[in-house]
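Here is the naming used below: chain letters follow the sequence lines, and residue numbers restart at 1 for every chain. Only heavy atoms go into these numbers, but all of them, side chains included; no hydrogens, no water, no symmetry mates.
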Amino acid sequence: MDQRELVERARQGDHDAFAELAGAFVARLDAAARLILRDHELARDAVQEGFIGAWRNLPTLRDPGRFEAWLRRLVVRSCIDAVRHRARRPIEVELSPADGPPTGDIASVIADHELLDIALRRLDPEWRAVVVLHYYLGLPLPEVAATLGIPLGTAKSRLHRSLLAMRIAIAADLDPDLSPVTRGQYA
Amino acid sequence: MTAFDRFEQNLPEFMDRLASAQVPDYFDDMLQRTARTRQRPAWSSLERWLPMGVLARPALVPSLPWRPIGIVALLLILVVVGAFVLAGSQRRLPPPFGLARNGAILYSTTDGDIFSVDPATGAASAIVAGPTRDFAPQISRDGTQFLFLRDVSGTTKALVVANIDGSGMRTLAEGTYASELDSSPFDWSPNGTRIAVTALHGGSRGLTILATDGSAPTTFDLGMEVFDVTWRPGSDELLFRGKKPESAETTYGLYRVRSDGSGLQPILPVNTLEFGWQTPVVSHDGRLAAFARWGGPPEGINIVDIDAGTARVLTFPGREVGPDQYQPLFSPDGTHIAFVRYRDREYQLNVVQLDGGAAVPVGPVLPESAPGPFFNFSPDGAVVLATYTADGSSWILDPGAGADQQVTWPGTEFQSWQRLAP
């Protein structure tokens, strides 16, 4: 059964069809939520909220062909809402175990891994969402903008500034003697 | 290669490792929760499917003498049609570029309908309504027609053209348009007979020119991906931002090409800056182009003399050095530029004279976490219509001495202002 047919059936209340659809997308969206929120619990809540919202509102989806983009939008916006509405508790960073054996120079891979984590953590979650959608989910920037409900110019600006901030964070980590640099400006 | 370089190249792979994609342990629990959740009935969003006129129809209608009413109505229609024909034959059209008189504003709603509103009174009426999702109206330069997008399925959309009152709808093309939110995926030709489109062809974004009379479209293989296409006033040329994969690296540039696909050339030397040629626009006389550059010198709003191939940075007192200005837009008379300015972790629209002077901030100040505005000058150049998607508000902003005014109609970011003869 193809995806469109599954969506049509799920729209008519077939929960098994919805379960099959959910199974196809949940792993990637859960990982994206963890990257955006850097908090396992918040990510779990956001993903669940997104999927429950998808099930509840599925009959009102106009075009079954838009299901994947629609579901992604619901989950990502749940992530953004989670950031905006969360209690003022510190976010605990959780590192998932790496998939499979690293290739090449193990020490440098671990170092890169840590650098990435440090650089990502220093971004605001809404900026991190742009990086995750573009680099992790592989969405072109116009689709990133549509998913987040922001203008394309803002998506571009955020991606550009995020990369700048990450580069600065990495440079500072590689050489702690570097003077601090204001976000968005070159050293 | 340093870890620094390696980091950006391998970002997707590193992120894959940082958050491995596995079915989460709460998946079954989540499905149990959805199984216990009732779905919204489809009819609960009835207003999305039926035009409001249908919903608002009175339930009880008293018996009336329909025959005489029908005859009178027919006569009235004939009189009105006759008046329109007479008015139409005498209508003056605005020149395709430069200053014009302000007409109606077309906007699309979140429900996927298109309305026409008189900005002076706020009186609005639906001109495209129904079960389809229709959005992104864009009025032709002479103000007599508009195009809009219609969701067909998935990422496939139809490009539809209609007369300014919504009559005479005809689908010109169906295809995969890259974005609903792209600032300039389409551009009307000066005489309104053609539309330049950037659309996906086999995964790559190319240039197609559609004819509004329904004759066959022309797609050009320019050897690169095409973005932000815009017609150049006073010529048969189009300008666009190009992305060209080379053997060693990808280059980006601002290009010009004639509408028959000939004469392709970069306006300035190309480079490898992905964000080096953002949102190019052309002045009303076709002499200048403006774009935003980040990631390499000279950063800021760049102003280009198209024929001379020379560029300068737009300067004003207090200008920040860095990627802090973007989305330039010429006023209809070419004397001012509006742009988004980033300062102290906040965004705000600014308007500055092209030949110098202070940048005038207008409209709401946005925190950096908020989306930036969509905006355009009014046809008479006096005000700026801006939409802020963070709270859904739209404003008419006066860079002069006048007061800013929040509009009453529920327009989304897709709004287009009709140009009328001065």
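Among all heavy-atom pairs drawn from Y136(A) and A21(B), the shortest one is OH-CB, 3.6 Å. Residues A27(A) and V23(B) share a closest heavy-atom pair of CB-N, 3.7 Å. Contact between Q39(B) and R11(A) at its shortest, heavy atoms only, is OE1-O, 3.8 Å. When all heavy atoms of D30(A) and Q22(B) are compared, the closest pair comes out as OD2-O, 4.3 Å. Minimum heavy-atom separation, L35(A) to A19(B): CG-CB, 3.5 Å.
Note: A31(A) leads A31(A), G13(A), G23(A) in heavy-atom pairs under 4.5 Å with chain B. Chain B forms the most heavy-atom pairs under 4.5 Å with one residue out of L137(A), L159(A), V47(A), and that residue is V47(A).
Of the two parts of Q3(A), neither the backbone nor the side chain holds a non-hydrogen atom closer than 4.5 Å to a non-hydrogen atom of chain B. Looking at L148(A), there are no atoms closer than 4.5 Å to chain B (heavy atoms on both sides), in backbone or side chain. If you measure heavy-atom distances from F67(A) to chain B, you find no contacts under 4.5 Å at all. The contact between A10(A) and chain B is made entirely by backbone atoms, counting heavy-atom distances below 4.5 Å.
The CD atom of Q327(B) sits 6.5 Å away from the OG1 atom of T154(A) when rounded to the nearest 0.5 Å. Distance NE2/H40(A) to CG/D25(B): 5.5 Å, rounded to 0.5 Å. Between atom CG of residue L141(A) and atom CZ of residue F275(B) there is a gap of 6.0 Å, rounded to the nearest 0.5 Å. Atoms CE and OH, on M15(B) and Y135(A) in that order, are 9.5 Å from each other to the nearest 0.5 Å. Taken from CD in E20(A) to CG in L31(B), the straight-line distance is 11.5 Å, to the nearest 0.5 Å. Atoms CD and OG1, from Q48(A) and T34(B) in turn, are 9.5 Å apart once rounded to the nearest 0.5 Å.
A donor-acceptor distance shorter than 3.5 angstrom exists from the side chain of R34(A) to the backbone of S20(B), with no hydrogens or angles considered. Although no hydrogens or angles enter the test, the distance criterion places a donor-acceptor pair under 3.5 Å between the side chain of W55(A) and the main chain of T37(B).
S157(A) and Y347(B) share a donor-acceptor pair across their side chains, judged by distance under 3.5 Å alone.
A 4.5 Å side-chain heavy-atom check between H160(A) and Q278(B) finds every atom pair outside the cut-off. Counting heavy atoms from C-beta outward, Y326(B) and K156(A) have side chains that stay 4.5 Å or more apart. Put simply, the side chain of R38(A) reaches to within 4.5 Å of the side chain of L18(B), judged on heavy atoms.
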